[in-house]
Amino acid sequence: MTQTIAFIGLGNMGLPMAKNLIKAGFKVKGFDLSEDARSAIVDAGGEAFDTILAAVNDVDVVVTMLPSGAIVKTVYEGDGGVFASAKPGVLMIDSSTIDVASARSVAESAKANGFEMIDAPVSGGVGGAAAGTLAFMVGGDVATFERAKPILDPMGAKIVHTGGSGNGQAAKICNNMLLAISMIGTSEAFNLGRALGLDDQVLFDVASNASGQCWSLTSYCPVPGPVPTSPANNDYAPGFAANLMLKDLKLAMEAVESVNANTPLGRVSAEIYSTMDSEGHGGMDFSAVIKKLSGQL
Ligand code: NAD
């Protein structure tokens, strides 16, 4: 029998993800505070509802794609929210990027209310959401992960079980903190090389075949030229905007504090992206940090 999915949060990411579920043959019932988002899901072949109750009351699965942990908690735990409105046994998948603590506490309330839930944040951006090629990092027990896989499949190319509840979020912020640090490191190397008279392409050829090799260099090079598809060749249009990187770094720093981890480079990276954002450059690709570091922004 066709499974019915309630999809809550039909924004830049949620709408194309929901469209891929419709294309895969699922019946999708959408809810979003924005009227435009509700009409867009109807245009795509889904249904739209004015309340969470109406969207989730007879579905098999609930997927959420929302801006923050506080909103995710309200949508699931609030009066008239998902837990109060869904029938017993419904599978819940939160794909929003939120703090680890909120992800763990919502998953715990889900269990207490008789539901199975996973956190399944994504990487791959709006392009990956449209193409159905997102990478899902999934936290939750193995049986729930297996149950969720056929729902995630039409939206993703890579679905990885990362451990218990909250570990999807943990994997995402650890990866993105590493990405920020490696992008800043790559940018510093090019800026120093230029100041010493080294050609960008020569440094690229050396480092990409040596121990400095990393994704920020070889797939997303912050200088124009060596990697023609990188945003540096397109005036640093995103890509992955600096303000989204900042969001993930702030979540990483919250997690760092909660477990007293020592991440000096993560902290400095968060400060650099915070300055870039507060100076009005948060909409540029995160690789434009090379310009911030060389004083050109
Ligand atoms: P967005 O702002 O475009 O969409 C969020 C949607 O949620 C909006 O349509 C908004 O109206 C809706 N919403 C807000 N509060 C609501 C509520 N209480 N009930 C119902 N709907 C509500 O954001 P987005 O870019 O789609 O991002 C969604 C999530 O995905 C975020 O957690 C973000 O960090 C994560 N993410 C985004 C990207 C990206 O490239 N945009 C990449 C990876 C992960």
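All ligand and atom numbering here is 1-based and tracks the order in the structure. Given the structure is predicted, the values throughout are model-derived calculations rather than measurements.
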With a 3.5 Å distance limit and no angle check, can you tell me whether Lys292 reaches the backbone of His281 through a side-chain donor-acceptor pair?
no
Protein heavy atoms near atom 18 (N) of ligand 1, is at least one of them under 4.0 angstrom away?
yes
Nearest protein heavy-atom contact for atom 35 (C) of ligand 1: which residue, which atom, what distance?
Thr97 OG1, 3.6 Å
If you round to the nearest 0.5 Å, how far is NZ of Lys250 from CD1 of Ile173?
14.5 Å
When you measure from atom 23 (O) of ligand 1 to every protein heavy atom, which one gives the shortest distance, and what is it?
Asn12 N, 4.5 Å
When you measure from atom 22 (C) of ligand 1 to every protein heavy atom, which one gives the shortest distance, and what is it?
Leu66 CD2, 3.5 Å
Nearest-contact summary for atom 21 (N) of ligand 1 - protein heavy atom, Å
Leu33 N, 3.5 Å
Tell me every residue that passes salt bridge (Lys or Arg N to Asp or Glu O under 4.0 Å) with Lys87, counting only those two or more places apart in sequence or in another chain.
Asp60
For atom 14 (C) of ligand 1, find the nearest protein heavy atom and state the residue, atom name and distance (0.1 Å precision).
Pro67 CD, 3.8 Å
Please write down residue, atom name and distance for the protein heavy atom closest to atom 9 (O) of ligand 1.
Asp32 OD2, 2.7 Å
Among protein heavy atoms, which lies nearest atom 41 (N) of ligand 1, and at what distance?
Met13 CG, 3.6 Å
Got a second to check how far Asn243's CG is from Phe286's CZ, nearest 0.5 Å?
12.5 Å
Counting from 1, what ligand 1 atoms have a heavy atom of Lys172 closer than 4.0 Å?
43 (C), 44 (C)
Ser96 neighbourhood, listing ligand 1 atoms whose heavy-atom distance to it stays under 4.0 Å:
32 (O)
May I ask you to decide whether Lys149 forms a salt bridge with Glu146, counting only side-chain N to carboxylate O separations under 4.0 Å?
yes
Subset of ligand 1 atoms that lie under 4.0 Å from at least one heavy atom of Phe31
19 (N), 20 (C)
From Gly125, Ala40, Ala129 - option closest to atom 40 (O) of ligand 1 by heavy atom:
Gly125
Proximal candidate to atom 30 (O) of ligand 1 [heavy atom criterion; set Met65, Lys247, Glu35, Met17]:
Met65
Could you identify the single nearest non-hydrogen protein atom to atom 4 (O) of ligand 1 and state the distance to 0.1 Å?
Gly11 CA, 3.3 Å
Got a second to check how far Leu53's CG is from Asp79's CG, nearest 0.5 Å?
12.0 Å
Can you check side-chain contact (heavy atoms from CB on, under 4.5 Å) on Ile272 and Leu293, steps first, answer last?
CA-CA 9 Å; Ile272 291 171; Leu293 293 166; 4.1 Å; yes
Do protein heavy atoms approach atom 2 (O) of ligand 1 to less than 4.0 Å?
no
OH (Tyr236) and CD1 (Ile290) are apart, to the nearest 0.5 Å, by 5.5 Å
Verdict with supporting geometry, Val106 and Met92, side-chain contact (heavy atoms from CB on, under 4.5 Å):
CA-CA 10 Å; Val106 177; Met92 298 178 178; over 6 Å; no
Does any donor atom in the side chain of Tyr220 or Asp285 lie under 3.5 Å from an acceptor atom in the other side chain?
yes
Within the 4.0 Å heavy-atom shell around Gly9, which atoms of ligand 1 are there?
7 (O)
Should Asp50 and Arg38 count as an ion pair when the cut-off is N to O under 4.0 Å?
yes
Should you measure from each heavy atom of Leu244, which atoms of ligand 1 turn up under 4.0 Å away?
39 (C), 40 (O), 41 (N)
Structural part of Arg38 in contact with ligand 1, heavy atom criterion under 4.0 angstrom:
neither
